[in-house]
Structure formats: C-alpha cells, structure tokens
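Let me begin by presenting the structure, written as structure tokens, before commenting on it.
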Amino acid sequence: MADHDTHHYDQLSAFLEELWGEGYLSPGGPEEVSRVIEGLDLTGKRVLDIGCGTGAITLSLRRDHGAAQVIGIDVEDQVCTLAQERIAAAGESHAVEIRKVTPGPFPFEDQSFDLVFSKDSIIHIADKEALAAEVFRVLRPGGYFAASDWLISHDDAPSPEMAHYISLEGLDFNMASPARYHRALEQAGFEEVATRNRNGWYHEVALEEMKTLTEQRTEFEARFGAELIAENIATWTAMLEVLATGEHCPHHLRGRRPA
Ligand SMILES: C[S@@+](CC[C@H](N)C(=O)[O-])C[C@H]1O[C@@H](n2cnc3c(N)ncnc32)[C@H](O)[C@@H]1O
C-alpha cells in the first residue's frame with residue numbers, strides 16, 4: 001500500500017470502529033455475534049474465526065462465549081497486529097491466536113476445529129464452493145459453521161444500483177446469493193444448512209448510521225477528514241437504496257458437518 005492508501009485505510013478503519021464499536025469492522029456489536037452463534041455451546045471448544053479484523057469478536061468468542069481456544073485469521077498485516085495487541089492487552093494470548101494468512105486453503109489440519117465462525121469477511125472470498133469445502137475439511141464431525149455475510153439476493157448480474165454501490169465500496173466484494181451458499185454448503189457435505197435474512201435488521205441500523213453521520217457530520221469531518229466522510233455518505237446513500245429493495249441482504253449462514 002502507498003503511504004496515502006495506508007493513511008486512508010487507517011482512517012477508514014478508525015471511522016468504521018467509531019460507527020460500529022471499538023474493534024468491530026462490521027455492524028451489530030456483541031449482540032449480533034450472539035445471534036450468529038445462537039443455540040451453539042462454545043464452552044471448551046476450539047474455534048476458527050475467518051477474517052478476524054482487529055479482533056474484538058475473536059476475543060469475545062473466548063471471553064464471553066467460553067471457547068477454550070480461538071484462532072483468528074486475516075490477510076491484512078495491519079489488522080493482525082491490532083488484533084494481537086488487543087488480545088495481549090486482555091491477557092488472552094495463551095488462548096487466542098491471530099495468524100496472517102494468504103487467501104486460499106487454510107493452513108490447518110483436517111478435523112481440527114469444533115466451530116468455524118466468520119463475521120462479514122467471506123464476502124472477500126470469491127470461490128464459495130472451495131470455501132465451503134475447506135470449512136468442511138477443518139471441522140470435526142458434528143462441528144458447526146456459523147457465519148454472517150453480506151449477500152446479494154439473486155444470481156444474475158447486479159442491478160445498476162447495486163453495481164454503483166459495489167463500486168463505491170472500492171473493496172473486493174464477491175457477493176453471492178443465499179441459494180448459492182446453500183448449494184455450496186450442501187455440496188461440501190453439510191447438513192442442517194440454514195440461511196437467515198438480516199436485511200430488515202441491517203436496513204434499520206444503516207438508516208440510523210446515516211442519521212448519525214449526517215447529524216454529526218462536522219464532528220466526523222474534524223476527526224476523519226471531509227473527503228473520507230463525503231465518500232462514506234455517498235456509500236451509505238447507495239447502500240440504503242439496495243438495502244431498501246432487498247437486493248443487498250446480509251445473512252446468517254449455518255451448517256453442520258455430520259457426526
Ligand atoms: C469487514 S472486515 C470484518 C472483520 C471482523 N470479522 C469484524 O466483524 O470486525 C473483513 C475482514 O476480512 C479480511 N479478509 C479479506 N479477505 C480475506 C481472506 N481471504 N481470508 C481471511 N480474511 C480476509 C479483511 O482483511 C478484513 O479484516
């Protein structure tokens with residue numbers, strides 16, 4: 001990353017954490033994490049967190065949900081460093097580990113996790129079929145995959161409004177439909193495959209976020225710069241359009257590797 005890009009990335013992460021909570025690079029806070037893993041008992045379990053970001057959720061899987069060991073993986077140096085610092089400061093380095101990985105197969109043995117978790121990160125992984133097969137491979141029999149991700153409602157080309165929104169995000173967004181995830185998980189061998197649409201919830205939350213952004217625009221501009229705030233107001237405006245139509249539909253995904 002060039003210096004300008006690095007600065008922009010730092011500022012963007014800081015801005016998102018201001019909006020979503022310290023250590024959170026996705027919306028919903030601890031409550032939404034609890035909903036993703038609803039009904040699953042993590043006590044004493046070994047957990048993989050794909051796309052751990054700056055690590056607040058990775059840490060919470062251990063501290064608030066009782067996992068014995070959590071490994072968070074991410075492809076970005078900066079977020080891995082921040083996550084490691086957060087975990088060390090919490091005194092949990094013995095039980096929570098962060099690993100920088102390269103995209104592709106996971107560097108873990110077969111059947112080595114009880115739960116594979118992910119929050120709003122697998123959008124960056126294009127090959128959903130390979131992802132499902134990898135998640136299945138590293139899960140122990142009877143283990144669960146429980147994730148949240150940002151989906152598109154259909155398998156056709158994105159509408160012009162959706163294409164515009166994706167271009168504003170400026171990230172490698174590989175949005176897949178609930179049907180594609182469902183198929184990929186079943187083909188990989190998962191049972192009890194379930195998808196839960198969170199569009200209604202996030203639409204409401206995003207309207208509130210937009211209200212905060214516009215009402216406190218001057219304060220946000222002073223802290224993060226006028227350019228970054230203008231960019232994000234444009235992104236949120238475009239996102240709200242496709243949340244309103246339901247084309248942008250965050251989902252929870254679930255599957256169980258047969259015992
Ligand atoms: C929107 S952030 C979410 C981070 C965290 N799960 C959270 O909710 O706070 C997405 C994260 O996925 C990471 N990521 C992107 N591609 C990845 C890949 N192929 N494998 C693992 N992580 C990836 C990014 O670096 C980023 O930290």
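In each ligand, atom 1 is the first atom listed, and ligand 1 is the first ligand listed.
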Would the distance check show the side chain of Glu221 and the main-chain N or O of Ile229 forming a donor-acceptor pair, the cut-off being under 3.5 Å?
no
Quick one: do the Tyr202 and Glu32 side chains pair a donor with an acceptor below 3.5 Å?
no
Thr58, Val75, Ile123, Ile73: member with heavy atom nearest to atom 14 (N) of ligand 1
Val75
Does ligand 1 have a heavy atom under 4.0 Å from the side chain of Ile57, from its backbone, from both, or from neither?
side chain
Output yes when the distance from some N or O of ligand 1 to some N or O of Leu25 is under 3.5 Å, and no in every other case.
yes
Within ligand 1, which atoms have a heavy atom of Cys52 less than 4.0 Å away?
5 (C)
Can you tell which of Leu16, Val79, Asp74 gets a heavy atom nearest to atom 27 (O) of ligand 1?
Asp74
Can you name the atoms of ligand 1, numbered from 1 with element, that are less than 4.0 Å from a heavy atom of Ile125?
19 (N)
Member of Lys45, Glu192, Arg257 meeting the side chain to side chain donor-acceptor pair (under 3.5 Å) criterion with Tyr144
Glu192
Quick check on contacts: which atoms of ligand 1 are under 4.0 angstrom from a heavy atom of Lys119?
3 (C), 5 (C), 6 (N), 8 (O)
I'd like to know if the side chain of Arg137 and the backbone of Phe106 have a donor-acceptor N/O pair within less than 3.5 Å.
yes
Going by the closest heavy atom to atom 3 (C) of ligand 1, which one wins out of Gly53, Gly104, Ser121?
Ser121
What pairs with Arg180 under side-chain hydrogen bond (donor to acceptor under 3.5 Å, both in side chains), at least two apart in sequence or on another chain?
Glu129
Kindly identify the option in Gly29, Ser26, Gly21, Gly51 whose heavy atom sits closest to atom 21 (C) of ligand 1.
Gly51
Could you pull out all residues at least two apart from His248 that satisfy ring-ring contact (aromatic ring centres under 6.0 Å, His included)?
Trp150, Tyr165
Within the structure, does Glu76 bring an N/O atom to less than 3.5 angstrom of an N/O atom in ligand 1?
no
Going by distance alone, is a donor N or O of one side chain under 3.5 Å from an acceptor N or O of the other, for Glu247 and Ser153?
no
Taking the side chain as everything from C-beta on, heavy atoms only, tell me whether Pro250 gets closer than 4.5 Å to Leu243.
yes
Sub-4.0 Å atoms of ligand 1 with respect to non-hydrogen atoms of Tyr24:
9 (O)
